[in-house]
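Here is how names work: the chains are called A, B, and so on, in the same order as the sequence lines, proteins then strands, and each is numbered from 1.
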2 protein chains.
Amino acid sequence: MSTVSKEDYLRVIYKNLEDGILVNASLIAEQLQISNAAVSEMLRKLSNEKYLSYVPYRGIQLLQKGKIEAVKLVRRHRIWETFLYEVIKVPWYKIDEEAENLEHSSSDDLIDRLEGFMNNPEFDPHGHPIPRKNGFVPKQKKLVKLSEFKVNKSGFVRKVNDQSSELLHHLFEIGLTIGKKFSVIEKRNFDNSMVIEIENRNHTVSEKLAQNVFAEILR
Amino acid sequence: MSTVSKEDYLRVIYKNLEDGILVNASLIAEQLQISNAAVSEMLRKLSNEKYLSYVPYRGIQLLQKGKIEAVKLVRRHRIWETFLYEVIKVPWYKIDEEAENLEHSSSDDLIDRLEGFMNNPEFDPHGHPIPRKNGFVPKQKKLVKLSEFKVNKSGFVRKVNDQSSELLHHLFEIGLTIGKKFSVIEKRNFDNSMVIEIENRNHTVSEKLAQNVFAEILR
DNA sequence: AGATTGTTTTAGGAATACCTAAATTTAATA
DNA sequence: TATTAAATTTAGGTATTCCTAAAACAATCT
Ligand SMILES: [Mn+2]
Ligand SMILES: [Mn+2]
Ligand SMILES: [Mn+2]
Ligand SMILES: [Mn+2]
């Protein structure tokens with residue numbers, strides 16, 4: 001049977017695979033803040049229960065059973081995030097943490113009702129696709145990392161990494177949120193930081209920050 | 001520290017005390033569907049941690065620490081119930097079960113926002129008072145059990161027992177929900193069942209049912 | 001009072017999900 | 001290839017929350 005713990009493992013695995021990242025035990029340990037030993041044990045269990053296949057040092061793949069569970073959980077997570085943000089107006093940088101708990105505590109029926117209440121949104125407030133009830137995951141246009149934008153290019157923010165609430169807090173402060181238009185004014189070679197214009201104001205952003213923002217290039 | 005389990009114990013204890021019921025170990029065991037042995041152990045723990053005082057055979061009293069926790073949880077529970085019912089339109093008889101889980105998975109901040117979103121409701125969809133953030137519990141008018149209504153008397157439903165979702169389902173079917181007006185048409189002495197009129201339709205209700213509905217007497 | 005019934009506790013376990021410290025194994029590098 | 005570094009597993013625990021069966025205790029009835 002699936003439990004809160006197992007669901008969290010599956011969601012982390014799914015999310016990383018979704019981004020094309022190789023998922024091994026230590027990555028999970030780091031992201032869930034759990035010891036490597038505990039993760040090792042849990043992976044054995046999840047593997048025995050046919051949720052995933054795991055070849056040490058080579059990475060994890062979700063099996064059908066695990067993928068179905070993971071997609072369900074991601075669906076719950078993202079529907080809650082969207083609902084909290086759009087309907088309840090919970091601040092952008094707080095929704096992930098809140099959804100982290102709610103995702104394990106709501107019936108399928110409630111999730112479907114929330115989805116209907118919002119008129120079936122396709123993407124969450126971080127720009128991540130919301131899996132539909134039937135498991136289909138909406139596709140996104142080709143996106144480019146902000147850090148790869150050249151000087152004078154403009155774009156629309158379409159996705160941000162939601163791993164760090166501090167990052168989100170800062171992005172929110174400078175107005176770099178989903179849908180916003182920006183232009184790259186300047187790029188410094190020695191540290192790859194950039195100056196970008198958002199709503200007529202200039203902001204300097206580090207390379208690290210720019211690597212966590214994904215945008216659609218204009219023209 | 002408080003956990004999901006402990007919170008459930010505290011909520012059950014509070015809810016029964018609220019109704020003036022003597023709470024002993026076996027009552028909790030029955031309501032939480034847990035063995036007497038497990039309840040006995042947990043009560044020892046809760047007592048050691050100063051959540052409650054427990055004199056075997058004489059009942060349980062919440063101590064300050066336990067009361068504060070319990071009121072918080074009941075607040076969460078009832079705000080969720082109200083929200084699910086009023087905003088999301090989850091059916092009446094489903095909200096308790098859903099709130100049962102959500103109550104453990106939402107921050108104080110979220111609860112306050114939900115409350116604000118609904119304009120600070122005072123009672124939940126079963127007619128139970130919603131404790132305020134500061135711990136104050138709204139008072140209700142004096143209510144009378146439907147089973148104690150005399151023939152020809154009328155009243156307004158103000159509170160129902162939410163222990164059984166089957167009861168709620170049935171009450172909903174015959175329209176005996178919060179705020180509805182009814183009149184007692186007939187009362188049968190041999191089994192204390194009654195015929196009551198609700199919205200121009202007559203319904204026969206058992207004594208058992210009538211003991212779980214509380215109303216304000218008209219005139 | 002003695003017997004019966006109901007309530008509570010004890011004894012002994014089980015499952016889940018963690019932990020630290022110490023191996024072990026594999027991968028990467030000099 | 002030898003060494004070092006990183007990833008993984010094992011060993012031995014702990015905490016929490018539940019279980020059944022049996023014993024102990026208290027309240028109530030005859
Ligand atoms: Mn979670
Ligand atoms: Mn998200
Ligand atoms: Mn609960
Ligand atoms: Mn209620």
Rounding to a whole Å, what distance do you find between [X]:[atom1] and [N]:[atom2]?
X: A:Leu22; N: D:dA7; atom1: CG; atom2: C1'; answer: 12 Å
X: B:Asn48; N: D:dT16; atom1: CG; atom2: P; answer: 12 Å
X: B:Leu43; N: C:dT7; atom1: CG; atom2: P; answer: 14 Å
X: A:Leu32; N: C:dA17; atom1: CG; atom2: C1'; answer: 12 Å
X: A:His104; N: C:dT16; atom1: NE2; atom2: C1'; answer: 16 Å
X: A:Asn24; N: C:dA27; atom1: CG; atom2: C1'; answer: 12 Å
X: B:Ile28; N: C:dT9; atom1: CD1; atom2: P; answer: 11 Å
X: A:Leu27; N: D:dA6; atom1: CG; atom2: P; answer: 16 Å

According to a strict under-4.0 Å criterion, is [X] in side-chain N/O contact with OP1 or OP2 of [N]?
X: A:Lys45; N: C:dA17; answer: yes
X: A:Ser26; N: D:dT8; answer: yes
X: A:Tyr54; N: D:dA7; answer: no
X: B:Ser40; N: C:dT8; answer: no

Positive for side-chain hydrogen bond (donor to acceptor under 3.5 Å, both in side chains) with B:Glu103, one of B:His77, B:Arg78, B:Arg76 |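 Option passing the side-chain hydrogen bond (donor to acceptor under 3.5 Å, both in side chains) with B:Glu103: B:His77.
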Verify the distance criterion only: is there a donor paired with an acceptor across the side chains of B:Ser107 and A:Glu98 at less than 3.5 Å?
->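 On atom types as modelled, these side chains qualify, holding a pair under 3.5 Å.
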Just checking, is any N or O donor in the side chain of B:Ser106 or B:Trp80 under 3.5 Å from an acceptor N or O on the other one?
->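 Short answer, yes.
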Does a salt bridge link B:Arg11 with B:Asp8, judged by any charged N lying under 4.0 Å from a carboxylate O?
->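 Between B:Asp8 and B:Arg11 there is a salt bridge, with a charged N closer than 4.0 Å to a carboxylate O.
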Would you tabulate the nitrogen or oxygen pairs shorter than 3.5 Å linking the protein to nucleotides 27-29 of chain D?
none

Could you pull out all residues at least two apart from B:Tyr93 that satisfy ring-ring contact (aromatic ring centres under 6.0 Å, His included)?
->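 For B:Tyr93, the residues satisfying ring-ring contact (aromatic ring centres under 6.0 Å, His included) (neighbours in sequence not counted) are B:His169.
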Do B:Lys139's NZ or CZ and the ring of B:Phe136 fall within the cation-pi criteria of under 6.0 Å and 45°?
->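 Satisfied, under 6.0 Å and within 45°.
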Find out whether the Lys NZ or Arg CZ of A:Lys65 is both under 6.0 angstrom from the six-membered ring centre of A:Tyr51 and within 45° of the ring's axis.
->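 Output yes; distance and angle both within limits.
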Parallel, tilted or perpendicular: which describes the rings of B:Phe83 and B:Phe117, with under 30° parallel and over 60° perpendicular?
->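 Aromatic pair B:Phe83/B:Phe117 classed perpendicular.
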Taking everything shown except B:Gln211 itself, do over 12 heavy atoms lie less than 6.0 Å from its CD?
->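 Check passes, neighbour count above 12.
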Write out a two-atom table: protein N or O, nucleotide N or O from nucleotides 18-21 of chain D, distance below 3.5 Å.
{"unit_1": "D:dC18", "atom_1": "OP1", "unit_2": "B:Ser5", "atom_2": "OG", "d": "2.6"}
{"unit_1": "D:dC18", "atom_1": "N4", "unit_2": "B:Glu41", "atom_2": "OE1", "d": "3.1"}
{"unit_1": "D:dC19", "atom_1": "OP2", "unit_2": "B:Ser35", "atom_2": "N", "d": "2.8"}
{"unit_1": "D:dC19", "atom_1": "OP2", "unit_2": "B:Ser35", "atom_2": "OG", "d": "2.8"}
{"unit_1": "D:dC19", "atom_1": "N4", "unit_2": "B:Glu41", "atom_2": "OE2", "d": "3.1"}

